[in-house]
Amino acid sequence: MTDECTPQGDGHRSSRRRFIATAGLASTVGLSGCLFTGNGGQQGGANGGAANGSGDATTLTFWHQESVPHRVETFKRFLDRFNEQHENIEVRQEPQNWDEVFGKLSSALEAGNEPDFMFSLPAFTMTFQSQGDLVDVADIVESVDGERDLYDNTVTPFTYDGGTWGVPMWDMVFLDHFRTDTYGNIDTWPAENWEQWLESAAQATNAQEGRYGIVLPANKNLWTTENLYTLMIENDAYVYGPDGKIMFDTPETVETLDFYKRMFNRASPSEATSWGWAEWERSLLQGNAHSTIGFSSWIRSLQETDLADSFGAIQQPPVETGGQSRSVHYVNNIMVFNEEKKDAIRTWVQWMHNPENYGEWLANLEPTLYLPVTKAGENADSYWNHELISKYETMVRTQFKALPNASIYGFRDIHTENDLYIPSVGTLEGSHVLAEIVQQLIVNDRSPEAAASWGQQRLQEVLGVGKSEGL
Amino acid sequence: MGEVALQNVSKRFGDDVVAVDSIDASFRDGAYTMILGPSGCGKTTTLRIIAGLETPTEGEILINDEVVTNKPPQKRDLSLVFQNLALWDHKTVEENMEFGMRMRGVGKEERQARVAEIAEILRIEDKLGESPASLSGGQQQRVALGRSLVREPELLLLDEPLSSLDERLRLEMRTELARVHQELGTTFIHVTHNQEDAMTIADEILLLNNGRLQQFDDPLELYHNPANEFVADFIGSPSMNLFDATFVADGETYLDAGSFRLTIPPHVADAFRDTVDEGDVRVGMRPEALRFVTDESTPARNGTPTIDATVTIVETFGDFNWYYLDTGIGTDIVVQSADESAMENVDVGDSVTVAVEVDRLHLFDPRTEAALL
Amino acid sequence: MSVNYAVYRRLADLARFALLAAVIVVFLFPFLWILKSSFEPSSLLYGEVTLIPTDVTMAHYERAIEIGFLNAVKNSLVVAVGTTILTTGASLLGAYSVLRYTYPGRGASARLILLTYMFPHVALIVPMYQLASTLNVLGHPVTLIVLHSMLALPFCLWILQAFLEDIPRELEEAALVEGATELQAFYHVTIPQAMPGIIAAGTFAFIMSWGEYMFAYVLMTTSASHTVPVALFQLLGSYAVDWGLLSAVGVIATLPVLALFWLMAKYLGKGIAKGTGAV
Amino acid sequence: MGISEYFPVERWRRGRRSWDRRTLTGMALMVPALVIVAIALIYPFLGAIQISFLNIGTNEFVGLRHYRWLIGQDVFWAVVGRSVVWTVANLALQGAVGIGIALLLHRHFFGRDAVRTVMLIPFVIPSAVTAISWQWVLNASYGPVNEWLLTLGLLSTPVNPFSEAELAFPTVILINTWRWAPLVALVVFAVLQTIPREEYEAARIEGAGIFSEFYHVTYPHLKDSLLILGLIGFLLTFNIFDLIWLLTKGGPVGVTTTLPVFIYEVAFNLRNIGRASAVSVVLFLLLVVFVALYFRQREFKESEFA
């Protein structure tokens, strides 16, 4: 028995009120905003300032998205070599994930704590350029061009708005990869036009045996976007019209979507709606998938299997016989955030582009995937000396052949000719709308016309860009 | 020295609840005082105020003439045995017992010696290494007592220490407490709701009801001279018979209960008239002050009043019985009788006559409930 | 009749066991699958689906160590242990405060902590990054420790509150009466008495911190400071996935927390039950 | 009666002092927890509110523009709806599975404690590992589940549940249920252990079957715990980001884009942190309203959430 009378706390009614009042108070204080001041303007923030304590040495921190171990190791090898040879500069890598890096970079930019430079792609470069985050690197590009002769179409995606905003570091291009043992038996191979292509892929397909002529993805990822876009480029279909507005819903797009869908239905595994690169590789190595359009990224893993010698690649067949094969390419560039360290960055870029280092670097980073962007690089012994590059020389030569006719959305001929500046391309890529359109087409089984019109709407909505007047 | 005084002490919880209401009391040094009262009367709160676990809303606490009202418990030289014992299961018996000395920086050897000494007195010397949880209820009780006694506090507070024990153990521990108190001479303040405990071992009893002090006296005084109706009702088993009556003093002096009258014998009538006004009173009669009138006895001779009644229930205890009598006043009158002939002859349904010892009649003011006589 | 009942009971027991077995299989299968795969040579991973590896290799684990994954394990240990200490300490004091004291704003501050579960954490990334940058603690474990503590705090508070409620107040008062100060009573009595709750809350905080991904990715700016989930997803690079390595790393990422859980399961279980007011 | 009766200064002083000491101690003990919440939640939370009124990058004040934008977005309301479905479906499934498992464990049998422990493993595994292993196990081309279903003839072609518009959402919900149901089971089991055996025996004597036994004996005991679990579960589940993001990134065709994923997409993929913050604030307000209603609706003991 206890006699004490414990005081009861205030009833829930008043507590609840207090609780809501607390929340309300918090919001009010937030509105006044006095606690929080954005400091997005600061450049070269706390982390590794302009020059650190040890004499005049400049520390360069850069981000890249090549986070798998062997690429990180390759980077490290070259960074160690560079740092050894340059007393005053120390370069440090911070590998990132493509999937989440933009949250991190956005945060870093807001806090003024971004890296000094970063590996990127044309669309993303433009996004950050449009926000005023980037430093003009025309001088660096010029010096590399002067010394090593850059290919024009690797520079154009970065030249707009009165400057050059990215230094091309390597290129990647889509080819049509196929298993020679399967496709060798098909008379219409190599296909001369899209219909033959479709026919050949269909012939190579035997769904009962789990064998598919081609893998066309329909997942919400970059690979799907690229697949559709490659075919659109081939067929003269556009996302942005000549006025920089959305010009998606055109007969060319409908044709392309129609082809995509027919090809998917006849020759692609239905579960490819969820695939990314990893699944395609698996499927290839398991012998289920026999061709794909894409980057030549799996050559390294192929070596462990018996497929290594039965693999070939051609440029994508043109739409019509005798037409021009075209493709999508991804120039990987660096974008520079820190003006003050530009000299050091130039030194590093020039060193990386030195054919002795350059060829070896790209060949080891991911053999057959990453292509030199300079004449000097293309001819560098250090590149061709790599075991896999030489083994797949034909394939690599085909890549070089495809490159001059490859382009990328936002930076197509009609855009560069008109000197158009389309900052929403970054959003386009981040939003995966093109991949979504493929999903509408395949997963939601819309007609090509409906998918094209859905896409036009969606693009305008997501990008906040109006409808193009057309060509 | 272990003298405790409460000066006008009140404790309120919130605005409505008054747990302790203006208590003034002085506890004698070295005495065994029981704070007695029904559940919720404020006795534990009073004890906790003395211990320093509660701060009074009003009033002062003095220990050895020093005001300690706002001193935390650790600064008062006292100890408390909790109702639930509050033994620390994560410590051994020995660690439990030596804790107070450890907190006071007593050296290890001395601590061990003291613990051993007290453990022997309490007969738990072979349990020192064990966890309290593994001990029996009585042993736990001894450990709790030992923890409090070991550093010889001037004042030992006990909060219902016997309530969790079964009957046999309770009796044993009660005796044990009395023995220990005698040996040590420490001031004991012991809270209980059990009047039997209080009556048997207390030097003094402080009786509380609804937070108010009812009476603070030695046990016999409480029994024989209850200060008010509550004390009269609370002390004694079975309870005092209480009923309404009218005191009439016109010529004849009597108490009119409606269905019967108690005539006040002439030799005490004057005393009644002097202290009690005519009118409504509450009458109290201890069951043991009533006795059956048999043929052999002639109570009327010296004017002893009697009541005629019918027996409704008989409860047998062996050496005495309780008889519930219907006298027509609405409540039963209880008689406790050890008279052998009555125990043999009186049964349910019998008509009986009981005599009332006028000397042991209590009268209370029906409004203030204070004792009149 | 009784025979039928016995048969019925037997059947019911069988059904119960079958269901439980199915449940356990479903609950464990994904982890067992990567456990199995982590020991398979890469060539087998691309082949047929088998339950038992036909060939066993430690190569993936060797590779995991070679690429420095243990550094991530070390980082995660630092962060998780820090989170555990901070959360447990703060919630022990907080729960004690709510339970034993009355003061203006007590209920409000306790409820304020519930806000933790009401604001989308994704939206905290940018401001949090700015704060960490201003304080120059980006990439420092303390940043994650504070964040993870915030995430684990409400539930740990509930757990500890429930445990503290079960400690009779008299145990502390006995210590006070014996001459201990409030602090000493807290140390000598409350903490030992609340130990099962402290262990439960600590285990919960550790598990939560160990698995957290998004804040860890954004705020741990250098690869040297990456925690386990971040390092794990770094392996899922574009255009190349080494599934064998990924499985091995997944197993390494799980083992410490699994071991801790196995040791503390009794306490954690009780803690969760109490924290949600079940008992 | 002296004036001191009206101004009991001495008592005030004394009372105030003792009040102060305990009050200050109590407040001081709360400080560490509040500091953590202030640093890691309140401060960034206020920051997010501020950002929701800014055009980030230029730091230009845009008033309610972001809010107007999102109110007008059908997508936003679709996502809100999806989040509600996500939460309710998860809670319902977790409740059903959790109670089911707890009932299976209710009767004592050899090895029950081990089962109870093993059962919690999904909750312990880091969500990153969970995501990777489920993606693998359910993978259409090399996952075992498809392989077996094909062998058993239950499927004619492999199916990757993460990529089918109809399957992706249920699959993610199921995986999240897989992760959290053990916890519900644990709690329910703990409650079941507190139900006196006599109540079941009484029900059985009165002729109750399994279902009426559950309804009349088990359920009333569970109700209170489920209410609290329901609230915590609702808030936690509503804000789940990691697992969905790691499994599907909100796809395919956005069918798994719940509010937190949407916020991430708007903030970082679409690079509009202001809008994303506005969405977050609205989401927060929705949850405040929900919690307020919940508190109004249900009797909560002060201690549960104090």
Side-chain angles (χ1 to χ4, degrees), chain A residues 7 9-10 14-16 18-19 21-23 26 36 38-40 42 45-47 61 65-73 92-101 103-104 106-108 110-113 115 172 222-223 276-278 281-282 285-286 294-295 297-298 300-301 304-305 366 369, chain C residues 41-43 45-48 63-64 66-69 98 102 105-112 114-115 118-119 122 125-139 169-170 213-214 217-219 221-224 226 230-231 233-243 245-246:
Chain A
D10 21 8
S14 73
S15 303
R16 191 181 71 240
R18 210 182 300 162
F19 170 57
T22 315
F36 204 84
N39 51 354
Q42 288 173 22
N47 199 2
T61 304
Q65 285 68 247
E66 311 303 323
S67 63
V68 287
H70 72 272
R71 294 187 199 159
V72 175
E73 282 158 9
R92 285 200 292 236
Q93 60 168 338
E94 290 301 345
Q96 309 292 335
N97 288 352
W98 269 124
D99 277 332
E100 285 95 21
V101 73
K104 192 163 178 172
S106 303
S107 306
E110 289 307 320
N113 197 44
M172 298 146 70
L222 193 58
W223 187 37
W277 277 93
E281 270 186 39
R282 273 304 179 96
L285 295 170
Q286 287 181 338
F295 300 125
S297 65
W298 55 83
R300 215 172 42 88
S301 38
E304 292 177 18
T305 71
E366 198 59 69
L369 176 63
Chain C
S42 294
S43 54
L45 292 176
Y46 299 105
E48 268 177 42
R63 178 80 177 131
E66 189 185 310
I67 62 166
F69 191 76
V98 166
T102 43
R106 179 185 69 142
S109 43
R111 270 146 217 259
L112 192 68
L114 189 64
L115 283 184
M118 294 169 65
F119 198 74
V122 177
I125 289 177
V126 171
M128 200 58 222
Y129 191 100
Q130 290 183 336
L131 179 62
S133 172
T134 311
L135 299 176
N136 207 8
V137 288
L138 278 171
R169 200 168 180 162
E170 287 84 358
Y213 174 65
M214 189 48 68
Y217 173 76
V218 176
L219 295 168
T221 42
T222 62
S223 38
H226 282 169
V230 179
F233 269 86
Q234 293 284 63
L235 301 177
L236 274 179
S238 43
Y239 313 121
V241 177
D242 183 342
W243 282 101
L245 175 62
L246 206 59

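Proteins get letters first, then strands, A, B, ... in listed order; numbering begins at 1 in each.
Considering CD of A:Gln65 and CD of C:Gln234, their distance stands at 9.5 Å, rounded to 0.5 Å. To the nearest 0.5 Å, atom OG of residue C:Ser223 and atom CD of residue A:Gln93 are 6.5 Å apart. In this structure, the separation between NE2 on C:His226 and CD on A:Glu94 is 6.5 Å, given to the nearest 0.5 Å. Between A:Lys104 atom NZ and C:Leu138 atom CG the span is 9.0 Å, to the nearest 0.5 Å.
Within the 3.5 Å criterion, the main-chain N or O of C:Tyr217 finds no donor-acceptor partner in the side chain of A:Glu100.
Between chain C and the options A:Ser106, A:Gly103, A:Pro95, the largest number of non-hydrogen pairs under 4.5 Å is found for A:Pro95. Counting heavy-atom pairs closer than 4.5 Å to chain A, the top-ranked of the candidates C:Glu66, C:Arg63, C:Met214 is C:Arg63.
With a 4.5 Å cut-off on non-hydrogen atoms, A:Glu73 touches chain C through its side chain but not through its backbone. When heavy atoms are compared at a cutoff of 4.5 Å, C:Phe119 does not approach chain A at all. At a 4.5 Å heavy-atom cutoff, the contact between A:Val101 and chain C is made by backbone and side-chain atoms alike.
Between C:Leu235 and A:Val68 the shortest heavy-atom distance is O-CG1, 3.2 Å. Residues C:Tyr129 and A:Ala108 come closest through the heavy atom pair CE2-CA, 3.2 Å.
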